Structure formats: structure tokens, C-alpha cells
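Written out below as C-alpha cells is the structure these notes cover.
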Amino acid sequence: MRAVELFSGAGGMSLGLRQAGFDILRAYDAWPVAVETYNRNVGHHAVVADLNDLLSTVPEIIGLAPDMICGGPPCQDYSSAGNRTEADNARLTLAFAMIVSIVRPQWFMMENVIGCAKSATWTEARKILKRAGYGMTESRINASRYGVPQSRRRLFVIGRIGERDGFLASSIAAAAHPTMTLRDLFGTVTPAAIYFPATSEARRSIWGPDEPAPTIRERSIRPIPASYQPHPDDAALIRNGFVYSRPVRAGRGVRSIDEPFPTVTRTAWERPTPRYLSSPHPGDPVAAVDTAVLAVHQISRIQGFPASWEWRASAKQDILQMIANAVPAPVATALGRVILDREAGRNAPDVAGGFLQWLHKRGRSKASARNVKASAGRARRMLGGRTFDNLALEIAALESLLEFQEMRKPTQSDLRQALRLLAGYQANRSQRREKPRQAAAQPLTGFAAAA
Ligand SMILES: C[S@@+](CC[C@H](N)C(=O)[O-])C[C@H]1O[C@@H](n2cnc3c(N)ncnc32)[C@H](O)[C@@H]1O
């Protein structure tokens with residue numbers, strides 16, 4: 001699949017999507033330092049652009065005809081660290097929604113802070129995307145379950161034309177792993193360079209840990225040399241066993257390396273302040289003064305950037321800002337794979353357990369409810385995991401399949417009926433969810449009303 005990224009920053013999301021198998025066509029960001037870093041590390045397709053100016057970018061993106069538009073619009077207006085006034089930055093979430101709605105790729109993926117989910121701006125942006133025909137899954141992802149040792153919680157909204165809302169939720173949940181800790185990252189021996197004897201096919205011997213190895217032959221398998229030493233900063237961190245991170249509000253400052261790190265921010269390298277040292281958090285396992293100090297390359301790796309990533313900016317603050325802004329690449333890889341699998345029909349949405357209770361309440365016996373649920377799951381798999389926001393289209397798609405046409409008539413009507421009942425259950429559930437959302441929604445402001 002071919003993707004365009006908006007608000008690409010230094011390239012965390014692009015890197016992860018590329019590792020999942022996406023072809024990144026172009027990336028846009030207004031900050032030249034971030035664009036330069038992106039081009040140095042990901043590939044030379046990032047350009048400096050102000051995405052407020054839709055007329056300058058939209059025609060170009062239409063010409064690229066991407067299958068997906070992705071991006072993490074600025075989050076300061078929703079962030080707990082900001083003052084939560086929805087202003088210029090929040091408008092860029094609307095710009096994202098408008099660009100997607102005009103270009104209308106099959107898919108989009110948007111990342112933001114959790115606070116965005118309940119904002120008036122996102123309510124407006126969602127309406128724009130709905131009107132353009134997207135079904136959406138809004139997931140709150142904890143990055144420590146998706147490949148980085150960081151308890152970073154973020155909102156990911158993934159949309160696809162014509163789907164029912166929630167169409168990808170169960171596959172995203174199924175892609176989660178056990179929580180990753182700092183020891184999992186720094187305690188494993190990952191050499192900066194790996195030796196494979198040169199072959200006629202691959203004429204070099206030294207390979208980085210972030211690239212595929214050459215074809216493995218019997219003689220290329222060698223134990224890691226006894227002389228290999230982990231990076232001195234990593235060895236010091238593992239020996240110490242604890243690390244400090246400036247707490248949010250009255251939270252805990254000291255973390256064990258057997259936990260994930262908290263959300264990486266620009267201040268992740270700071271030492272404890274005299275104020276914290278004089279009144280530490282009662283839950284700190286050791287004194288903050290005795291913890292290890294994280295180096296910038298370690299903060300970058302906690303955020304999922306590979307050890308070979310080159311950060312070059314005249315100010316350390318700029319590097320930390322780019323790191324803190326990023327989507328950890330492994331998170332983007334995990335979500336990218338879920339999308340590619342669904343596109344190829346390799347995964348299908350689970351039929352929620354609540355469907356069984358809903359059927360019971362409507363008078364179905366347990367056995368009959370289980371049969372309906374199984375038939376709905378079967379129909380979903382036959383449709384290659386697609387859900388349709390329009391029931392008539394869903395049934396027409398099912399009927400067009402040769403596999404369906406070859407079934408016995410009673411089985412065909414069971415599958416149709418199961419999809420009808422499932423659609424009834426989902427409509428009922430989204431009505432119940434919609435009510436509190438409508439109560440919380442604020443009136444449209446000029447920008448979105450104009451859209
Ligand atoms: C949250 S960061 C995105 C980080 C990126 N997703 C990654 O994984 O590295 C938001 C980005 O939006 C960019 N930005 C802010 N205002 C912009 C504008 N008007 N037009 C384009 N980009 C803008 C910032 O420079 C910043 O890099």
C-alpha cells in the first residue's frame with residue numbers, strides 16, 4: 001500500500017509503516033529541522049510545507065493517489081501539558097480531516113494525545129470524515145504493549161471507506177504483546193554491528209542490527225564474540241537498575257528498569273530537582289539521586305528509533321522535541337501490519353461477546369444465539385474481514401461470492417440473517433454510545449462549519 005504522511009516530524013511513523021511494508025510516497029512538515037532529519041534517515045521524500053495552506057498541498061496529494069493518508073497533527077492544545085485551549089494547533093486536526101476527505105484514500109490513520117478524543121475539534125473532524133464516507137476505529141493504545149518500553153498512551157484513529165465504526169478494534173487488540181520493560185530493551189545484547197562472512201552475493205561482512213541479514217548460510221552462524229560489550233551507557237543503566245523521569249503532577253519520579261519508562265517528553269534527560277529530592281514520592285523504590293541518567297541515544301531508543309538513527313540539530317532541545325513528538329516506530333509497524341492484513345483479508349473483526357447477550361434478550365436460546373454468532377463470524381471471514389456501513393451492500397457483497405452461491409439455500413439464509421442481526425446489534429450499541437457524545441459536543445465553529 002502507498003501512503004502519504006502529514007505532520008511527519010522526524011519520521012517515527014513513516015519509519016514504522018515502512019517496516020510494516022508500506023511504500024511512503026511523500027511526507028509533509030512545516031519544521032525544516034525535522035524534515036532534514038527525516039530525509040537523512042527515512043528517505044528523501046519529506047518536504048517543508050504549511051498544511052494550513054490546503055491549496056498548495058492537496059492537488060499534489062491527489063496526484064500521488066495514495067491508498068492511505070496518515071499523520072499526527074500537533075497535540076499541544078489537547079495535551080495535559082498544554083493549557084487545553086483549542087486554537088490554532090487544534091485547527092490542524094481539522095486540516096488533516098479535510099485533506100483526507102478531499103483526497104479520499106481507502107484508508108487513513110491519525111495519531112494524537114488521548115485528550116483529543118473528547119475535544120470539540122475532534123467531534124468536528126469526525127463529522128467531516130463521516131460525511132466523506134469513512135468508518136472509524138478509535139483506539140487508545142499503550143505503546144508498551146506494542147513494542148517499546150514506554151507507558152505512552154495515545155489515541156489512534158484508523159478509518160476505511162465504507163466500513164462500520166469499530167471495524168478494526170479486535171484486530172488491534174489482538175496485536176498487543178506483554179508489556180515491554182526497559183530491561184527488555186537495554187538488557188539484551190544488541191551489537192551495533194554484526195559480522196557475517198562476505199559471500200559472492202553480499203560482498204560486505206558488517207551489517208547493522210536494523211537491516212535484514214544477508215542470506216544465512218551454515219558457515220555464517222557464529223556466536224556473538226566474547227569480547228562484545230553492550231554500550232557503556234546501557235551497561236551503567238542495567239547495573240544501576242533505576243532511572244528518574246520528571247513526574248507529571250504528583251506522580252512517581254523513580255522507575256525500575258523492570259517497568260516501562262513513562263511517556264517520553266523533552267525533559268526525559270533531566271536530573272531530579274532540589275524540590276523533588278527534598279519531598280520525593282513515597283512510592284519511589286530508591287532515592288532519586290541514586291538513579292541512572294538517560295543519554296539522548298537511550299531516550300531515542302525508548303521512543304523506538306534504531307541505534308543507527310542520526311540526530312543532527314544545532315540545539316539539543318530540538319532533538320528532544322523531535323523524539324518526544326514521534327510515534328514510536330514499532331507501534332506504527334504493529335498497526336501498519338494490522339491494516340495490511342485486513343486489506344489482504346488475512347484478519348477479520350471478532351463478533352463481540354455482547355452479541356450473544358443481546359440475542360438472548362431478544363428471546364434466542366443459548367444454542368441458537370451461538371449458531372447466529374458463528375454464522376456472523378463465518379460471513380465476515382468470507383467477506384475478507386470487510387464490514388459495510390450499509391447492510392444492503394454487505395449482503396450484496398456476500399451474495400456475489402462464488403463460495404456463497406455454492407452453499408445450500410438454508411445455509412445462505414442463515415448467513416444473511418446473522419449479518420442482519422449483527423447489524424441490528426451494532427446500530428443499537430452505537431446509538432447508546434452516541435448519546436453521551438452528542439451531549440458533550442459543542443457547536444461547530446467557523447472553520448469546520450465552512451468545511
Ligand atoms: C506530533 S508531531 C508529529 C510527529 C510524527 N508523527 C513522528 O512520528 O515523528 C507534529 C508535527 O506537526 C508539525 N507542524 C506543526 N504545524 C504545522 C503546519 N502548520 N504544517 C505542517 N506541519 C506542522 C510540527 O513541526 C511537528 O513535527
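Given the structure is predicted, the values throughout are model-derived calculations rather than measurements. This chain uses plain numbering: 1 for the first residue, then up along the sequence. Numbering of ligands and ligand atoms starts at 1, following listing order.
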| task | Using distance alone, determine whether A30 and ligand 1 share an N or O pair under 3.5 Å. | result | yes
| Nearest protein heavy atom to atom 20 (N) of ligand 1, by residue and atom, and its distance? | L51 N, 2.9 Å
| message | Looking at D389 and R164, is any side-chain nitrogen of the basic one under 4.0 Å from a carboxylate oxygen of the acidic one? | response | no
| query | With ring centroids as reference points, do Y38 and H44 lie under 6.0 angstrom apart? | reply | no
| Contacting atoms of ligand 1, where contact means under 4.0 angstrom from a heavy atom of N52 | 19 (N)
| note | Counting from 1 in the order shown, the ligand 1 atoms closer than 4.0 Å to a non-hydrogen atom of M13 are 7 (C), 8 (O)
| task | Please determine if R126 and E138 form a salt bridge, counting it only when a charged side-chain N lies under 4.0 Å from a carboxylate O. | result | yes
| Polar proximity ligand 1 side, E111 side, N/O cut 3.5 Å exclusive | no
| query | In the protein, which heavy atom is nearest to atom 3 (C) of ligand 1, and how far is it? | reply | F7 O, 3.1 Å
| Where ligand 1 meets A10 - atom numbers and elements under 4.0 angstrom, heavy-atom basis | 9 (O)
| field | Electrostatic pair D350-R380, nearest N-O below 4.0 angstrom | value | no
| request: Looking only at distances, please establish whether an N/O atom of ligand 1 is found under 3.5 Å from an N/O atom of P74. | output: no
| So which heavy atom on G71 is nearest to which on E5, and how close? | CA-CG, 4.2 Å
| Under the criterion side chain to side chain contact (heavy atoms under 4.5 Å, CB included), which of V48, T37, D318 is the partner of W31? | D318
| said: Apply side-chain contact (heavy atoms from CB on, under 4.5 Å) to residues T57 and D53 and explain how you reach the verdict. | reply: CA-CA 7 Å; T57 42; D53 182 2; 5.9 Å; no
| note | Note: ligand 1 atoms sitting under 4.0 Å from heavy atoms of G11 are 9 (O)
| Side chain, backbone, both or neither: the part of A49 lying under 4.0 Å from ligand 1 by heavy atom | backbone
| query | If you measure from CG on L185 to CD1 on I238, what distance do you get to the nearest 0.5 Å? | reply | 8.5 Å
| request: Show which atoms of ligand 1 fall inside a sub-4.0 Å distance from at least one heavy-atom site of G9. | output: 27 (O)
| query | Once you round to the nearest 0.5 Å, how far does CZ of F167 lie from CG of D165? | reply | 9.0 Å
| request: Below 4.0 angstrom from a heavy atom of W31, which ligand 1 atoms are there? Numbered from 1 as shown, please. | output: 25 (O)
| For atom 6 (N) of ligand 1, closest protein heavy-atom neighbour | E5 OE2, 3.4 Å
| query | Could an N or O of ligand 1 be found under 3.5 Å from any N or O of A34, whether backbone or side chain? | reply | no
| request: Go through ligand 1 atom by atom and flag the ones less than 4.0 Å from a non-hydrogen atom of S8. | output: 5 (C), 7 (C), 9 (O)
| field | Electrostatic pair D23-R18, nearest N-O below 4.0 angstrom | value | no
| said: Suppose we measure from atom 10 (C) of ligand 1 to each protein heavy atom; which comes out shortest, and what is that distance? | reply: G72 O, 3.4 Å
| message | Run the ring-ring contact (aromatic ring centres under 6.0 Å, His included) test on Y28 and F7 for me, step by step, so that the C-alpha distance in whole Å, both residues' side-chain angles and the decisive distance to 0.1 Å come before the verdict. | response | CA-CA 6 Å; Y28 299 88; F7 311 103; 9.6 Å; no
| request: Quick one: look up the protein heavy atom nearest atom 9 (O) of ligand 1 and list residue, atom name and how far away it is. | output: G12 N, 3.2 Å
| task | Determine, considering heavy atoms only, which of V42, D29, V48, L92 sits nearest to atom 13 (C) of ligand 1. | result | D29
| task | Please tell me if the side chains of R342 and R160 come closer than 4.5 Å, counting only heavy atoms from C-beta onward. | result | yes
| request: Considering only non-hydrogen protein atoms, determine which one is nearest to atom 4 (C) of ligand 1 and report residue, atom name and distance to 0.1 Å. | output: N325 O, 3.4 Å
| Region of M322 engaging ligand 1 - heavy atom pairs below 4.0 Å | neither
| With a cut-off of 4.0 Å, which atoms of ligand 1 are near a heavy atom of D50? | 18 (C), 19 (N), 20 (N)
| field | Output field: ring centroids W311/F305 closer than 6.0 Å | value | yes
